[in-house]
Amino acid sequence: MHAIGVDIGGTKIAVGVVDEAGTILAKVRRETVADDVAGIDRAIADACTELAKEFEVGAIGLAAAGFVSPDRRAVQFAPNIAWREYPLAERIEGLIDLDVPVVVENDANAAGWAEFRFGAARAATDMLMLTVGTGLGGAIVVDRELVRGKWGVAAEVGHMRVVPGGHYCGCGHEGCWEQYASGTALVRDAKQAAIAQPARAARLLELAGGDVANLEGPHVTRAAQEGDPLAVELLATLGRWIGEGSASVAALLDPELIVIGGGVGAAGDLLLLPVRKAYEAQLSALGHRPVAQIELAEHGNEAGIIGAADLARR
């Protein structure tokens, strides 16, 4: 049975038809505005209707960045879209002329499920997925089951406090892991370094067109791949934060595999090697227990579509 997966972002949605093997058969995109929830609803419905004319579908999965209700019907809270106790599934059902179930999933859970079913973790039984992007999302699979928690908001690992009194987080607290282990943190540190050490940051500033304000994560990755010492150092710092935090999660969950997703994965071993080193350095009982593999995700930006569709089909 084919299913539609919808990956909802703050400025765009990506919608695809996915078969039972996790292959996207067709995909469309729509531009959206984060504070126009009715407009987002219409864009989702329009895209789903367009795809349903070409394919027979049996379910629709919506991957949303936010806290999803236990019944997988509503978004309780979202940091970047104006959803508060929002009945997303009901709204979409009211806009489409399709008699199929509509299911809401947390976007990191959807991406993690795609990697578990069809990607880097397809041979594993227990997995921790980290989506390293604007923030730090997480997905947990234990004994082949996705862990949602009693209230549907498990695996929000990015909001574990790692630095008391640290950087302010959008969740309202300070020192959350995602403030140190995210693409946003990488860019913040790169900008600070460029201001404090402009000579060392010459290549980064060149890639940013001479303006610190234009510095972005891909600039750091490119410079590091060219061998720029500062950029390599910045990625190593990000990797250390990811690895050390993962070791703390491992103390609780003991995962078989840790999958790193998000745009920073483009850095490859420049990120992975520091992650693995820091993970082992902080792992309790090292030498007396198996060490989890740490690998990059395989499905990139399509993971949310694939995972949402597969979870809705189930």
Side-chain angles (χ1 to χ4, degrees), residues 108-109 111-116 119-133 135-149 153-167 169 171 173-186 189 221 224 232-298 303:
N109 278 349
W113 187 252
E115 293 298 329
F116 178 72
R122 55 185 171 271
T125 62
D126 294 67
M127 177 203 75
L128 168 66
M129 168 83 170
L130 299 175
T131 55
V132 187
L136 178 65
I140 296 167
V141 174
V142 174
D143 196 20
R144 298 186 173 88
E145 294 290 335
L146 184 65
V147 176
R148 293 190 178 89
V153 295
E156 289 289 344
V157 293
H159 296 294
M160 299 189 308
R161 177 173 288 187
V162 296
V163 180
H167 291 295
C169 183
C171 74
H173 295 291
E174 297 174 338
C176 291
W177 190 17
E178 74 170 34
Q179 293 306 308
Y180 303 87
S182 63
T184 300
L186 176 66
D189 291 350
T221 297
V232 170
E233 182 181 305
L234 289 165
L235 281 173
T237 298
L238 175 62
R240 176 176 62 81
W241 279 110
I242 295 172
E244 290 184 357
S246 296
S248 294
V249 178
L252 179 66
L253 297 175
D254 190 27
E256 173 186 0
L257 177 69
I258 299 171
V259 179
I260 309 295
V264 296
D269 283 347
L270 288 165
L271 179 72
L272 272 186
L273 294 179
V275 171
R276 291 169 178 155
K277 180 179 178 181
Y279 177 77
E280 292 193 22
Q282 295 298 317
L283 189 64
S284 59
L286 181 66
H288 303 282
R289 62 184 289 177
V291 176
Q293 289 180 263
I294 302 177
E295 304 293 345
L296 293 176
E298 295 181 3

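Please read all numbers here as calculations on a predicted model, not as lab measurements.
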Going through the checks in order, is the side-chain contact (heavy atoms from CB on, under 4.5 Å) test met by His159 and Glu178?
CA-CA 7 Å; His159 296 294; Glu178 74 170 34; 3.7 Å; yes
Return a table of donor-acceptor pairs under 3.5 angstrom between the side chains of residues 233-251 and protein atoms on other chains or two or more places apart.
| from | atom 1 | to | atom 2 | distance (Å) |
| --- | --- | --- | --- | --- |
| Glu233 | OE1 | Arg200 | NH2 | 3.2 |
| Thr237 | OG1 | Glu233 | O | 3.1 |
| Ser246 | OG | Ile242 | O | 2.8 |

Are any side-chain N or O atoms of Thr131 and backbone N or O atoms of Ala108, one a donor and one an acceptor, separated by less than 3.5 Å?
no
For the backbone of Glu174 and the side chain of Arg161, can you confirm whether one donor and one acceptor N or O come within less than 3.5 Å of each other?
yes
Contacts satisfying salt bridge (charged side-chain N to carboxylate O under 4.0 Å, His left out) that involve residues 120-129 (not counting sequence neighbours) are Arg122-Glu298
How close do [X] and [Y] get, counting heavy atoms only, and between which atoms?
X      : Y      : answer
Gly158 : Cys176 : O-CB, 3.4 Å
Ser182 : Gly135 : CB-O, 3.6 Å
Glu115 : Ala303 : OE2-CB, 4.5 Å
Phe116 : Arg144 : CZ-CA, 3.6 Å
Ala297 : Gly261 : CB-CA, 3.8 Å
Ala185 : Ala181 : CB-N, 4.2 Å

Within the structure provided, determine whether Met129 and Trp113 are in side-chain contact (heavy-atom separation under 4.5 Å).
no
When rounded to the nearest 0.5 angstrom, what distance separates [atom1] in [X] from [atom2] in [Y]?
X      : Y      : atom1 : atom2 : result
Met127 : Leu146 : CE    : CG    : 7.5 Å
Leu130 : Ile260 : CG    : CD1   : 4.5 Å
Cys169 : Tyr180 : SG    : OH    : 10.0 Å

Listing, residues 264-285 side-chain donor-acceptor contacts under 3.5 Å, not counting sequence neighbours, or none:
| from | atom 1 | to | atom 2 | distance (Å) |
| --- | --- | --- | --- | --- |
| Arg276 | NE | Ile294 | O | 3.1 |
| Arg276 | NH2 | Ile294 | O | 2.7 |
| Arg276 | NH2 | Glu295 | OE1 | 3.4 |
| Ser284 | OG | Arg289 | NH1 | 3.2 |

